Amino acid sequence: MGNGTLMKNKIYEYIIKFIKGNGYSPTIRDIQLEVGLRSTSSVHYQLMKLLENNKIIFGKKHRSIQIVNIN
């Protein structure tokens, strides 16, 4: 498992935890600070990978991230 996969998984788990705890999705900046990435564009890149892998979808509301099949 490469660093990209580890980071993608870390972001995915954080989003799940955040949504379960708060009822809404974290901001890009929240994710950046939590996982220690240097830029929001790095977070966006990882989110696009999660989207391609059908792990997340973007909701209709501005900046809304939804988990596919959240338990």
Side-chain angles (χ1 to χ4, degrees):
M1 205 179 308
N3 284 342
T5 301
L6 291 174
M7 183 56 67
K8 186 171 55 177
N9 289 340
K10 189 173 182 180
I11 289 171
Y12 183 67
E13 292 300 321
Y14 173 67
I15 294 169
I16 291 171
K17 182 176 119 183
F18 191 96
I19 291 172
K20 284 184 176 181
N22 297 287
Y24 57 90
S25 61
T27 65
I28 299 289
R29 181 78 62 197
D30 290 334
I31 297 167
Q32 176 195 5
L33 296 173
E34 176 68 22
V35 302
L37 287 171
R38 291 180 162 222
S39 70
T40 55
S41 64
S42 296
V43 174
H44 183 66
Y45 174 81
Q46 295 296 336
L47 291 175
M48 292 300 102
K49 292 298 180 186
L50 288 168
L51 181 66
E52 289 172 12
N53 292 326
N54 298 313
K55 295 284 194 178
I56 65 168
I57 57 173
F58 291 103
K60 296 182 191 293
K61 292 184 179 181
H62 183 61
R63 297 185 301 180
S64 174
I65 302 167
Q66 298 173 349
I67 299 297
V68 176
N69 296 322
I70 191 168
N71 297 332

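No experiment lies behind these values; they were computed from the predicted model shown. Residues take their numbers from the sequence shown, with the count starting at 1.
Here the closest heavy-atom approach between residue Ser25 and residue Ser64 is recorded as OG-CA, 3.7 Å. Pairing each heavy atom of Tyr14 with each of Pro26, the nearest pair is CE2-CB, 3.9 Å. The two residues Phe18 and Tyr24 come nearest to each other via the heavy atoms CD2-O, 3.2 Å.
Interatomic distance, Ile67 CD1 to Ile15 CD1, rounded to the nearest 0.5 Å: 5.0 Å. Interatomic distance, NZ of Lys8 versus CG of Leu47, reported as 11.5 Å (0.5 Å rounding).
Gln46 places a side-chain heavy atom less than 4.5 Å from the side chain of Ile11. The shortest side-chain heavy-atom distance between Leu50 and Ile65 does not fall under the 4.5 Å cut-off. For the pair Val68/Ile56, no side-chain contact is recorded, criterion being any heavy-atom separation below 4.5 Å from C-beta on.
Remark: Phe58 pairs with no residue by the ring-ring contact (aromatic ring centres under 6.0 Å, His included) rule, at least two apart or across chains.
Hydrophobic clustering of Ile, Leu, Val, Met, Phe, Trp and Tyr side chains at less than 4.5 Å, counting indirect connections, keeps Tyr12 apart from Tyr45.
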Could you pull out every donor-acceptor pair under 3.5 Å between side chains of residues 29-36 and any protein atom, sequence neighbours left out?
residue: Arg29; atom: NH1; partner: Gln32; partner atom: OE1; Å: 2.8
residue: Asp30; atom: OD1; partner: Thr27; partner atom: OG1; Å: 3.4
residue: Asp30; atom: OD2; partner: Thr27; partner atom: N; Å: 3.0
residue: Asp30; atom: OD2; partner: Thr27; partner atom: OG1; Å: 3.1
residue: Gln32; atom: NE2; partner: Leu37; partner atom: O; Å: 3.4
residue: Gln32; atom: NE2; partner: Arg38; partner atom: O; Å: 3.1

